[in-house]
Amino acid sequence: WKSAVLIDGVRGNVQLSRLLPRIDSTFFLLGLRGVGKSTWVNNVVPDALRIDLLDQRIFTELAAAPERLALRFGGLLPGRWVVVDEIQKLPSLLN
């Protein structure tokens with residue numbers, strides 16, 4: 001599986017699709033809030049498995065047992081993307 005990590009910041013307005021090419025490996029997408037990171041990811045990898053740490057249920061589950069993140073990827077086909085949004089809220093997932 002491939003992965004992307006999104007981290008939100010503060011307001012701005014940039015056309016990421018013009019700035020970022022299609023990425024074919026793991027990467028971190030960092031930037032100010034509102035610049036279009038999620039929109040870019042939705043356009044580039046619309047079928048990605050998404051894990052949004054703003055969802056309190058998901059956050060609580062993964063905070064209690066970060067190793068459960070890998071269990072969510074178990075049945076994914078090779079080449080499938082995984083997007084973890086708001087990873088800064090749970091840095092232990094990066095271990």
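Quick caveat: nothing in here was measured; it's all calculated off a predicted structure.
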Donor-acceptor under 3.5 Å (Arg80 side chain, Asp47 main chain): yes
From CD1 (Ile58) to CD (Glu86), nearest 0.5 Å: 12.5 Å
Distance in Å, Leu69 CG paired with Ile87 CD1, rounded so as to fall on 0.5 Å steps: 7.0 Å
Any side-chain heavy-atom pair of Glu61 and Asp55 under 4.5 Å: no
Exercise: identify the closest heavy-atom pair between Val83 and Ala48: CG2-CB, 3.8 Å
Residue pair Trp40 / Leu29, side-chain heavy-atom distance below 4.5 Å: yes
Distance in Å, Leu76 CG paired with Leu49 CG, rounded so as to fall on 0.5 Å steps: 5.5 Å
For the student: nearest non-hydrogen atoms of Leu30 and Lys37, plus distance: C-CD, 3.8 Å
Closest contact, heavy atoms only, Gln88 versus Pro91: O-CD, 3.5 Å
Minimum heavy-atom distance between Ala63 and Leu90, given as atom pair plus value: N-CD2, 3.6 Å
Stepwise side-chain contact (heavy atoms from CB on, under 4.5 Å) check, Leu62 with Ile51: CA-CA 10 Å; Leu62 294 176; Ile51 298 169; 4.1 Å; yes
Spacing of Leu53 atom CG and Leu93 atom CG [to the nearest 0.5 Å]: 6.0 Å
Student check: side-chain heavy atoms of Val82 and Arg72 closer than 4.5 Å: no
Asn95 side chain reached by Pro66 side chain, heavy atoms, under 4.5 Å: no
